[in-house]
Amino acid sequence: LFVINDEMSTYIESSFISQFNRSNELTTEVPKHFKIVFDCAKRIYQSSGGSFDPTVMPLANYWGFGYSGKVAKENWDSTEIQQLTHIVGFDKIKIDDNVLNKTAIGTQLDFSALAKGYAADVIAAEMQTLGIDNVLVDIGGDGFARGKNKKGNSWTVGINTPDKTAALSDIYVAIQLDQKGLATSGNYRNYYEVDGKQYGHTLNAKTGFPYKSNVLSASVIANTAMEADALATACMASDLDVGLAMIERLPDAEAYLIYEDAEGNMKEKYTTGFKEHILE
């Protein structure tokens with residue numbers, strides 16, 4: 001975990017990602033964990049049509065959700081936001097001959113939408129090398145399950161009710177997992193309220209504004225927790241049916257989206273293969 005943090009934490013000034021964010025390129029060799037996460041981020045960026053974009057860091061800082069400190073944005077300037085969108089775009093960053101570089105000055109990376117999931121995968125793999133075949137790893141809601149629990153059953157994981165007043169033990173649906181990663185993304189806990197209006201930490205990389213959607217939370221099952229983590233974020237940055245269609249196109253991923261209907265009621269939609277994971 002220390003090694004992964006030293007490569008990808010935007011809160012550690014000496015980390016590889018922080019050094020890159022302050023410069024135009026790094027001529028030092030790209031670390032192995034960073035490269036794995038970068039390649040996964042690129043795949044999800046492409047498959048989501050840009051909804052998942054790890055270069056939203058300047059926007060995250062602007063809106064008060066980044067490493068510059070969590071401060072609610074009382075006043076925003078559309079001209080400033082427009083200028084920031086010019087340096088946002090994952091296609092502006094490349095790895096050439098193991099050198100990480102950017103084509104736009106000021107472009108920054110933020111892997112917080114998939115690095116936690118990757119860390120869970122690494123821990124699960126490390127456990128397996130130690131001969132531990134039955135394991136459930138969870139890092140802040142992103143996890144990986146393999147094998148059985150003490151009762152000899154597949155691991156059971158609960159998806160939290162997406163409501164700011166809900167306790168962590170308030171479960172909306174329970175699912176079973178084996179050899180799969182699971183991640184849930186939502187705006188119901190990480191948001192600000194200004195003048196009676198809420199805005200969440202899911203940002204639209206194209207417009208520069210917080211993404212408005214009736215999706216309350218997105219839970220994704222994939223072969224790795226890293227992929228599940230990124231895809232859940234992509235679903236939160238997409239309209240309900242667009243997010244579901246994106247996951248349906250992927251062969252090894254399933255999604256469960258909880259949304260608010262026109263009457264304000266909590267409803268759910270999920271992909272075809274998700275049903276087999278639901279614990280009845």
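Basis for what follows: all heavy atoms, side chains included, without hydrogens, waters or symmetry-related copies. Computed from a predicted model, the values in this text were never measured in an experiment.
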Report yes or no: does [X] contribute a side-chain atom to a donor-acceptor pair with the main-chain N or O of [Y] at less than 3.5 Å?
{"X": "K92", "Y": "V88", "answer": "yes"}
{"X": "T55", "Y": "G89", "answer": "yes"}
{"X": "D142", "Y": "M226", "answer": "no"}
{"X": "Q19", "Y": "S14", "answer": "yes"}
{"X": "S15", "Y": "S9", "answer": "yes"}
{"X": "K94", "Y": "D91", "answer": "yes"}
{"X": "N149", "Y": "K151", "answer": "yes"}
{"X": "R146", "Y": "I132", "answer": "yes"}
{"X": "D239", "Y": "D241", "answer": "no"}
{"X": "S238", "Y": "V242", "answer": "no"}

Going from [atom1] on [X] to [atom2] on [Y], what distance comes out if it is rounded to the nearest 0.5 angstrom?
{"X": "D121", "Y": "H33", "atom1": "CG", "atom2": "NE2", "value": "12.0 Å"}
{"X": "S18", "Y": "Q108", "atom1": "OG", "atom2": "CD", "value": "9.0 Å"}
{"X": "L240", "Y": "Y259", "atom1": "CG", "atom2": "OH", "value": "6.5 Å"}
{"X": "D138", "Y": "L182", "atom1": "CG", "atom2": "CG", "value": "8.5 Å"}
{"X": "Y118", "Y": "M8", "atom1": "OH", "atom2": "CE", "value": "6.0 Å"}
{"X": "D53", "Y": "I44", "atom1": "CG", "atom2": "CD1", "value": "12.5 Å"}

By side-chain contact (heavy atoms from CB on, under 4.5 Å) - contacts of T271 (at least two apart) | L244, I247, E248, E254, A255, F274
Please name all residues satisfying side-chain contact (heavy atoms from CB on, under 4.5 Å) with K102, sequence neighbours left out, ordered by chain then number.
-> F20, N24, I93, T107
So do the side chains of [X] and [Y] get within less than 4.5 Å of each other, counting heavy atoms only?
{"X": "V215", "Y": "C235", "answer": "no"}
{"X": "I105", "Y": "I87", "answer": "no"}
{"X": "Y256", "Y": "I221", "answer": "no"}
{"X": "L216", "Y": "L257", "answer": "no"}
{"X": "T10", "Y": "M57", "answer": "yes"}
{"X": "I17", "Y": "N21", "answer": "yes"}
{"X": "K267", "Y": "E260", "answer": "no"}
{"X": "T184", "Y": "N160", "answer": "no"}

Looking at every non-hydrogen atom in both residues, tell me the closest pair between [X] and [Y] and how far apart they are.
{"X": "D229", "Y": "A115", "result": "OD2-N, 4.3 Å"}
{"X": "K206", "Y": "N204", "result": "N-OD1, 2.8 Å"}
{"X": "M246", "Y": "S47", "result": "CG-O, 3.8 Å"}
{"X": "W155", "Y": "A145", "result": "CD1-CB, 3.9 Å"}
{"X": "A228", "Y": "A222", "result": "N-CB, 3.8 Å"}
{"X": "A120", "Y": "A225", "result": "CB-CB, 4.2 Å"}

When you group the ILVMFWY residues by side-chain heavy-atom contacts below 4.5 Å and let the links chain together, are [Y] and [X] in the same group?
{"X": "L177", "Y": "I159", "value": "yes"}
{"X": "Y270", "Y": "I171", "value": "no"}
{"X": "F144", "Y": "V122", "value": "no"}
{"X": "V157", "Y": "V137", "value": "no"}
{"X": "V30", "Y": "L114", "value": "yes"}

So with a 6.0 Å cut-off around CD of Q179, is the heavy-atom count from everything else above 12?
-> yes
Are there more than 12 heavy atoms of other residues, nucleotides or ligands under 6.0 Å from atom CG of D261?
-> yes
In terms of the angle between their ring planes, are F38 and F90 parallel, tilted or perpendicular, with boundaries placed at 30° and 60°?
->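 Tilted, since the angle between the ring planes falls between 30° and 60°.
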Residues that F16 engages under ring pair (Phe, Tyr, Trp, His ring centres under 6.0 Å), provided they are two or more places apart | F34
Show the numbers, then the answer: is there a side-chain contact (heavy atoms from CB on, under 4.5 Å) between I139 and I123?
-> CA-CA 10 Å; I139 302 179; I123 291 172; 4.0 Å; yes
What do the steps show when you test N223 against K180 for side-chain contact (heavy atoms from CB on, under 4.5 Å), and what is the final call?
-> CA-CA 5 Å; N223 287 338; K180 292 289 184 181; 2.7 Å; yes
Given Q82, which of T85, L84, T79 fulfils the side-chain contact (heavy atoms from CB on, under 4.5 Å) condition?
-> T85
Show the numbers, then the answer: is there a side-chain hydrogen bond (donor to acceptor under 3.5 Å, both in side chains) between S154 and D178?
-> CA-CA 6 Å; S154 294; D178 187 17; 4.9 Å; no
May I have the step-by-step check of salt bridge (charged side-chain N to carboxylate O under 4.0 Å, His left out) for K35 and D39, ending in yes or no?
-> CA-CA 6 Å; K35 179 65 164 57; D39 289 344; 2.7 Å; yes
